[in-house]
Amino acid sequence: WEPVVGLEIHAQISSNSKLFSGSQVQFAAPPNSLVSFFDASLPGTLPVLNRRCVEAAVMTGLALNCSINKKSLFDRKHYFYADLPAGYQITQQRVPIAVNGSLSYSLCVDNKMSQMVTKTVRIKQIQLEQDSGKSLHDDTRSQTLVDLNRAGVGLMEVVMEPDMCCGEEAAAAVRELQLILQTLGSSQAVMAEGQLRVDANVSVHHPGEPYGVRTEVKNINSIRFLAKAVDYEIQRQIEELESGGTILNETRAFDAKLGCTVPMRDKEGKQDYRFMPEPNLPPLILYDAKSLPANMNHQQVVNIDLIHERLPDLPSVKRAKLVERYGILPEHSFTLLNEDGLTEFFENVVKQTQMKPKKVIGWILNDLLSYLKQHSLTVKESPVSSFLLADLLNLLEKKEISSTAAKHVLAELWKGERKTPLEIVKEKKLELIQDQKELEQICQAVIDGQENEVMAIKAGNLKVLNKLIGLVQRETRGRSNPVVVKQLLEKKLSQ
Amino acid sequence: AALKRRVRFQVSAALKEGHVTPTELCQRCLSLIKSTKFLNAYITVAEETALKQAEESEKRYRKGQPLGVLDGIPIAVKDNFNTAGIETTCASNMLKGYISPYNATVVQKLLDQGAVLLGKTNLDEFAMGSGSTDGVFGPVRNPWSYSRQYKEKSVPKSHSEDEESNWVITGGSSGGSAAAVSSFTCFAALGSDTGGSTRNPAAHCGVVGLKPTYGLISRHGLIPLVNSMDVPGILTRCVDDAAVVLGSLAGHDPKDSTTIQDNFTPFELPNLTDVSKLSIGIPKEYHAPGLSSEILALWSKAAELFKNAGAKVIEVSLPHTCYSIVCYHVLCTAEVASNMARFDGLEYGHRSDMNKSTESMYAATRREGFNDVVRGRILSGNYFLLKQNYENYFIKAQKVRRLIANDFVKVFRSGVDILLTPTTLCDAVPYMEFIKEDNRTRSTQDDILTQAANMAGLPAINVPTALSERGLPIGLQFIGRSFQEKQLLTVAKWFEKQVKFPMIQLEEVKRHDHNAFQHQKSASFS
């Protein structure tokens with residue numbers, strides 16, 4: 001069976017005001033407090049296009065390698081619903097603002113971070129459209145509560161072709177899109193706040209045969225659930241077909257609690273949206289350096305070339321730069337970018353320590369990150385600052401403590417008691433023993449006490465040396481440098 | 001008393017010189033509105049606010065600081081323009097009691113110039129119709145029904161039957177505005193024009209009706225019928241007045257993305273004396289089926305007038321004229337279906353008591369709120385917009401529209417400056433006769449001569465020309481090039497001067513008028 005997955009993603013544009021009116025865009029404001037006359041569809045009001053929204057869409061189109069249509073059109077899509085005051089949505093059905101792009105994303109093979117493959121998904125188009133309001137159904141009182149704060153907020157609909165084959169791919173693609181949008185600033189793309197909504201189109205077929213009937217899966221609230229929903233649906237379709245059933249071209253909702261998809265009840269028959277050109281908005285004309293007329297008022301014009309010049313480094317570029325500059329592995333760069341603020345943290349530590357970045361990264365990804373994950377903290381909320389960590393790593397680098405001791409110190413630092421690493425080292429007596437004679441004495445004592453092991457080593461079983469090293473470590477309570485200890489023991493044993 | 005017969009320009013001078021005060025003027029108009037209530041031209045009379053505005057204007061005049069030529073001038077506005085704090089109904093149950101929180105841009109501009117808003121005028125429901133007979137507040141009566149000129153020519157069946165059954169329609173859909181200007185209750189009125197809704201009633205009521213170029217005047221706040229064809233229309237008693245009002249309204253509005261960005265400079269109309277450089281086109285297709293012989297003759301006479309004055313008068317052809325009605329039907333109903341979708345009873349307007357489900361509430365609300373005409377157009381429009389029909393109807397109609405517009409481009413490119421056509425097929429018919437046919441049939445018939453200018457977005461103006469055999473006004477239409485209102489109005493003004501259209505002699509009103517002003521000093525004007 002070959003599963004086929006396409007995605008329709010709605011990203012809320014990060015702008016001060018809405019797509020066609022001047023009311024504010026803000027999450028979780030009091031109901032109906034951000035509604036202009038136009039948003040409420042008062043008769044006689046007209047749409048006025050928001051320049052920032054156009055720029056956001058152009059930026060996104062360029063970042064996704066799309067062709068930007070220098071002329072795009074607006075249309076009305078009609079249906080009746082309580083959260084759609086005008087009875088139609090203004091969208092771009094005929095000619096959207098950007099088409100034919102691509103998005104590259106990476107996956108771990110077999111869950112091994114060390115083996116990453118790059119995949120590409122084609123972007124069919126990006127279109128500008130209005131968001132709807134929100135309706136809450138109060139079944140106990142048989143009423144519907146309508147909040148129009150969100151009505152008219154600008155959306156970019158990004159359509160990804162069915163080039164993906166499983167939940168993991170879909171999730172990785174969306175994650176990369178999310179990073180791109182956040183890097184551009186065109187959308188904050190936080191799924192939990194409804195700024196990024198994903199619908200999946202799923203079908204299965206036998207290789208060589210035509211595509212199967214597809215279902216649309218909605219109500220996916222996180223990237224994790226996206227992968228689950230897609231995989232469940234693929235499985236469901238395969239089972240259905242194998243048992244002789246058929247797949248209906250329907251819309252299904254993902255039930256996060258049950259981990260399955262269920263048919264959505266309200267689509268009776270197919271809707272005819274009666275698309276019609278939006279007569280109140282002339283075609284949207286975009287310019288580039290070549291086509292820009294000389295006497296144009298620059299306030300009235302969106303210049304694609306200017307936007308192109310001002311594009312920030314995209315995630316893929318940022319990752320490549322990190323790998324090159326710091327000598328870290330590609331998979332490390334993915335993790336760094338995946339956590340909000342982690343790259344900055346890492347770079348700050350590197351700046352403040354003599355330890356090589358290749359070594360620092362281990363502390364960042366293994367120690368810092370796992371601690372944060374365990375306690376559900378973001379990088380910003382970390383009780384250990386980059387300054388403190390750098391300080392600690394410097395002690396390690398100067399060989400004043402062992403790495404085991406460093407881990408102890410870090411554990412103490414997590415408590416957030418405002419002690420410096422040096423203070424903790426002194427307090428817990430974790431400094432490495434620098435006195436050679438003292439070390440020699442302890443080594444000697446261990447050798448003296450382990451006759452059998454000594455004999456084994458002298459007989460050629462060198463692995464047993466590690467036991468002796470371990471015993472010295474225990475004796476010194478971790479305050480000995482294993483490398484030095486090994487040297488000393490070897491010297492003594494060879495005598 | 002004779003003051004209100006004057007055109008606005010002269011009144012303005014009178015205001016400036018203190019011969020009459022804005023308050024006096026306002027009161028007289030309000031009083032006249034009351035005594036002509038039987039015309040049913042007004043849906044809402046904003047007496048309190050109008051008097052306040054007049055007071056403010058008076059203060060300014062006393063200081064010698066009027067805002068401009070329109071300061072203190074009483075005006076009326078068609079009830080499909082939003083007016084803050086004053087009910088806006090579109091003559092529909094759907095918006096009965098609806099008080100808009102904002103002013104339409106054109107209303108705001110007039111108010112900013114100090115104009116005094118007397119009230120909102122009657123229309124066909126949602127501007128759909130050509131008679132101003134299909135609104136929920138009842139039909140508008142043409143003031144000429146009560147003129148000596150009409151009465152002299154009509155054969156009375158019996159004295160009592162006379163007035164009640166013989167009154168004629170104003171035409172539509174801006175009938176209230178036309179009647180208001182025609183009966184002297186205001187000096188200028190705003191209408192709207194989508195297929196002729198300003199020019200048609202202007203012709204029937206013997207007033208000047210200007211349809212400006214699409215994109216010249218803001219539609220923000222005008223409740224739309226067909227967004228791609230609607231324009232605010234201007235009704236006045238003379239062409240000069242229309243130019244002044246145009247000057248105060250035209251120009252880019254950031255709130256309306258379909259207004260052009262070019263700077264607009266208001267102009268004063270020159271007094272044209274030499275028309276020898278003009279080329280007047282007579283489109284042969286406007287000799288439409290049903291055109292009365294009377295109007296045909298008048299049209300020819302007008303052409304002769306220009307020729308004799310030295311202008312070049314040539315016959316031209318606009319071959320796609322005959323398709324414009326059917327094309328309009330498809331495009332208009334499609335946009336209506338779309339524009340009316342917002343009336344669901346949720347946010348504003350009428351909401352039905354039916355509450356079994358949201359859908360049933362929508363259906364009941366719309367059935368109760370809209371009349372047959374509106375509902376009929378919504379159903380047609382939705383049909384044309386269905387996926388399976390879109391290509392064959394909507395797209396086809398758009399293509400035909402392009403052909404119609406190109407007809408005009410070709411003619412104007414060939415050297416013609418202005419087109420001269422009739423405005424209506426005949427003079428105003430009696431109401432009882434008009435209602436024998438349904439709204440759709442009437443609209444189809446009556447819009448034929450005015451509709452194409454809306455298709456092409458061109459400016460056009462009705463100039464009252466002469467009285468018919470029945471003593472009712474007949475107007476002729478001039479159609480100009482895009483954004484060449486100055487040329488259009490200059491020619492219209494010249495023509496107006498030549499034809500010397502007679503003033504309406506309102507007998508009924510005169511009687512009332514006399515009673516009201518018995519004790520007032522009458523200013524003398526010659």
Side-chain angles (χ1 to χ4, degrees), chain A residues 20-22 32 35-50 74-90 93-94 133 135 137 141-144 146 148 151 266 268 270-284 296-297 299-300, chain B residues 80-82 88 90 94-95 98 100-102 104-105 126 215 218-224 226-230 253-259 261 331 334-335 337-344 346-349 355-359 361-363 381-390 394 398:
Chain A
F20 296 116
S21 71
N32 293 315
V35 184
S36 67
F37 299 153
F38 173 77
D39 302 332
S41 79
L42 293 196
T45 52
L46 299 169
V48 181
L49 185 57
N50 179 332
F74 290 100
D75 303 289
R76 292 184 181 179
K77 176 179 179 181
H78 300 86
Y79 61 93
F80 285 99
Y81 205 71
D83 60 19
L84 195 67
Y88 59 83
Q89 175 202 36
I90 302 179
Q93 188 242 4
R94 288 168 293 157
S135 50
H137 300 289
R141 290 194 201 89
S142 328
Q143 60 185 15
T144 302
V146 182
L148 296 180
D266 59 16
E268 287 175 46
K270 279 203 156 168
Q271 281 255 33
D272 192 326
Y273 293 112
R274 291 156 285 134
F275 286 98
M276 183 186 94
E278 169 54 70
N280 293 316
L281 292 169
L284 173 60
M296 270 288 211
N297 177 2
Q299 300 272 18
Q300 289 292 316
Chain B
N80 58 355
F81 285 91
N82 278 272
T88 300
C90 294
M94 191 58 92
L95 289 177
Y98 174 69
S100 168
Y102 74 100
T105 297
F126 279 108
S218 172
R219 288 181 300 111
H220 167 78
L222 166 60
I223 298 175
V226 183
N227 287 289
S228 63
M229 297 184 208
D230 289 351
D253 183 9
K255 294 192 187 120
D256 178 354
S257 308
T258 60
T259 53
Q261 310 238 352
L331 296 178
E335 286 213 34
S338 178
N339 291 333
M340 298 296 146
R342 66 187 58 211
F343 295 104
D344 54 16
L346 282 187
E347 295 84 15
Y348 47 82
N355 61 0
K356 261 193 272 176
S357 70
T358 314
E359 260 95 41
M361 192 273 280
Y362 286 162
N382 277 325
Y383 176 80
F384 296 134
L385 290 176
L386 288 175
K387 211 165 171 184
Q388 74 250 33
N389 294 329
Y390 185 73
F394 191 87
Q398 292 280 44

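Letters go in sequence order (proteins before strands), and every chain restarts at 1.
The contact between A/N280 and chain B is made by backbone and side chain atoms together, counting heavy-atom distances below 4.5 Å. The contact between B/L346 and chain A is made entirely by side chain atoms (from C-beta outward), counting heavy-atom distances below 4.5 Å. In this structure, chain B has a heavy atom under 4.5 Å from the side chain of A/Q300, while its backbone stays farther away. Looking at B/F343, only its side chain comes within 4.5 Å of chain A, counting heavy atoms on both sides. If you measure heavy-atom distances from A/F275 to chain B, the contacts under 4.5 Å come from the backbone alone. When heavy atoms are compared at a cutoff of 4.5 Å, B/D256 approaches chain A by way of both its backbone and its side chain. Both the backbone and the side chain of B/E335 come within contact range of chain A, judged by heavy atoms closer than 4.5 Å. Proximity to chain B (any heavy atom under 4.5 Å) is restricted, for A/P47, to the backbone atoms N, CA, C and O. Both the backbone and the side chain of B/N382 come within contact range of chain A, judged by heavy atoms closer than 4.5 Å.
Side-chain N/O atoms of A/S41 and B/Y348 include a donor and acceptor closer than 3.5 Å. Inspection of the B/R342 and A/Y88 side chains reveals an N or O donor paired with an N or O acceptor under 3.5 Å.
Minimum interatomic distance between A/A82 and B/E347 (heavy atoms only, all atoms of both residues): O-OE2, 4.4 Å. B/T258 and A/P279 get closest at one heavy-atom pair: CG2-O, 3.7 Å. Nearest approach of A/F80 to B/Y362, heavy atoms of both residues: CB-CE1, 3.7 Å.
In terms of heavy-atom pairs under 4.5 angstrom with chain B, the leader among A/G87, A/S21, A/G22 is A/G87. No other option in B/A337, B/S228, B/A334, B/P101 has as many heavy-atom pairs under 4.5 Å with chain A as B/P101. Options B/Y102, B/Y390, B/F394 differ in how many heavy-atom pairs under 4.5 Å they form with chain A, and the most are formed by B/Y102. The candidate from A/P85, A/P277, A/G44, A/A86 with the greatest count of non-hydrogen atom pairs under 4.5 Å with chain B is A/G44.
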List the steps, then state whether side chain to side chain donor-acceptor pair (under 3.5 Å) holds for B/N339 with A/R76. CA-CA 10 Å; B/N339 291 333; A/R76 292 184 181 179; 2.9 Å; yes
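A/D272 contributes no side-chain N or O that, together with a main-chain N or O of B/L386, makes up a donor-acceptor pair within less than 3.5 Å.
In this structure the side chain of B/S257 reaches within 4.5 angstrom of the side chain of A/P282, judged on heavy atoms. Between A/L42 and B/Y98 there is a side-chain heavy-atom pair separated by less than 4.5 Å.
To the nearest 0.5 angstrom, A/F38 atom CZ is 14.0 Å from B/K255 atom NZ. Taken from OG1 in A/T45 to CD1 in B/I223, the straight-line distance is 9.5 Å, to the nearest 0.5 Å. Atom CG of B/N355 and atom CD of A/Q143 lie 11.0 Å apart (nearest 0.5 Å).
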